[in-house]
Amino acid sequence: MQLSPRQLEIVRLVRQNAPITGEQIAEMLGLSRPTIRSDLALLVMLGHVDAKPKVGYFPGQTAAPEEKGTTEAAQLKVKSVQSLPVIIRESATVHDAVVTLFMENVGSLIVADESSALVGVISRKDLLKVTLGNPGSSTMPVSLVMTRHPNVFVATPDETVLEAGRKMIHHQVDSLPVVVPHPDDPAKWEVVGRITKTTMTKLLVGLTGAVDL
């Protein structure tokens with residue numbers, strides 16, 4: 001059962017302030033005690049909140065929906081949410097990269113060789129820097145402006161989504177190539193997918209039940 005915003009707020013208040021009385025909860029919400037009586041009764045029945053006579057309310061044994069979503073997200077593997085990589089070759093020009101970027105509606109491109117081995121990444125910012133005030137930049141190869149491997153931050157299919165998200169935040173990047181050891185050369189990475197901040201946002205919203213994805 002999906003809880004209302006007021007019920008979710010009651011659960012949050014109980015978890016932060018337990019033990020807490022019904023009168024205190026009502027006061028924090030700016031409501032009267034009778035107004036939230038049915039909410040409290042439902043939360044106790046569902047196990048989100050536990051009540052002790054003459055003491056108050058405590059956290060129950062059932063996780064709130066948003067907490068379930070957080071737990072699920074922490075356990076999900078990158079391979080279950082990764083999307084197809086958008087790849088260009090080293091020989092591609094800056095013009096090719098700009099066109100691909102907008103045609104695919106992505107924030108960055110993965111540069112790989114013919115065997116799908118990771119070579120580098122080129123972002124919108126990289127392309128913007130090289131094209132502003134430089135009319136001859138369109139014919140430059142992307143290899144001159146991309147961030148080269150091994151200075152590219154990556155994720156692996158068996159990492160958790162939480163680990164990938166932490167990498168994106170820590171390194172301030174919008175996406176990560178998803179890679180596995182290359183079958184022809186273990187020193188290289190084979191590109192098998194990508195994970196982005198947009199993927200993470202959709203996942204978070206979907207797990208909390210806010211929208212139907």
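If you read the sequence from its start, that first residue is 1, and numbering goes on from there. Small disclaimer: the values here were computed from a predicted structure and weren't measured.
R148 has its side chain within reach of V119: a pair of non-hydrogen atoms, C-beta onward, lies under 4.5 Å apart. Contact check for S108 versus D174: no side-chain heavy atoms found under the 4.5 Å cut-off.
Expressed to the nearest 0.5 Å, how far OG of S116 lies from CG of D184 amounts to 10.5 Å. Separating the CG atom in L46 from the CD atom in Q7 is a distance of 8.0 Å, to the nearest 0.5 Å. Summarising the geometry, atom CZ belonging to R194 is positioned 9.0 Å from atom CG belonging to L109; distances are rounded to the nearest 0.5 Å. In this structure, OG in S80 is found 8.0 Å from CD1 in I195, a value given to the nearest 0.5 Å. Note that CD of E27 is 11.0 Å distant from CD1 of I36, once rounded to the nearest 0.5 Å.
Checking D158 against T156 by side-chain atom types alone, no donor-acceptor pair falls below 3.5 Å.
Of the charged side-chain nitrogens involved, at least one lies within less than 4.0 Å of a carboxylate oxygen, so that E9 and R12 count as a salt-bridged pair.
Residue R33 qualifies as enclosed at atom CZ: its count of foreign heavy atoms under 6.0 Å is above 12. Applying the 6.0 Å contact sphere to NE2 of H182 captures more than 12 heavy atoms from other residues, nucleotides or ligands. More than 12 heavy atoms of other residues, nucleotides or ligands lie within 6.0 Å of CD in E163, so this atom counts as buried by the packing criterion. Heavy-atom neighbours of N151 CG from other residues, nucleotides or ligands within 6.0 Å: above the threshold of 12. Within 6.0 Å of CD in Q172 there are 12 or fewer heavy atoms belonging to other residues, nucleotides or ligands. Heavy atoms from other residues, nucleotides or ligands lying under 6.0 Å from CE of M103 number 12 at most. Residue H170 qualifies as open at atom NE2: its count of foreign heavy atoms under 6.0 Å is 12 or below.
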Residues L176, M168; criterion side chain to side chain contact (heavy atoms under 4.5 Å, CB included); working and verdict: CA-CA 7 Å; L176 298 171; M168 281 190 263; 3.8 Å; yes
Please lay out, stage by stage, how K188 and H149 fare under the test side chain to side chain contact (heavy atoms under 4.5 Å, CB included). CA-CA 9 Å; K188 295 181 179 180; H149 174 67; over 6 Å; no
Test log, rule side chain to side chain contact (heavy atoms under 4.5 Å, CB included), inputs I122 and I88: CA-CA 10 Å; I122 186 164; I88 58 172; 4.3 Å; yes
Can K167 and F153 be said to form a side chain to side chain contact (heavy atoms under 4.5 Å, CB included), step by step? CA-CA 8 Å; K167 283 184 183 179; F153 305 108; 5.7 Å; no
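Partner of V192 under the side chain to side chain contact (heavy atoms under 4.5 Å, CB included) criterion, chosen from V179, L84, V178: V178.
The minimum heavy-atom distance linking V142 with R89 is given by the pair CG2-O, 3.5 Å. Among all heavy-atom pairs drawn from S175 and T196, the shortest one is CB-CG2, 3.6 Å.
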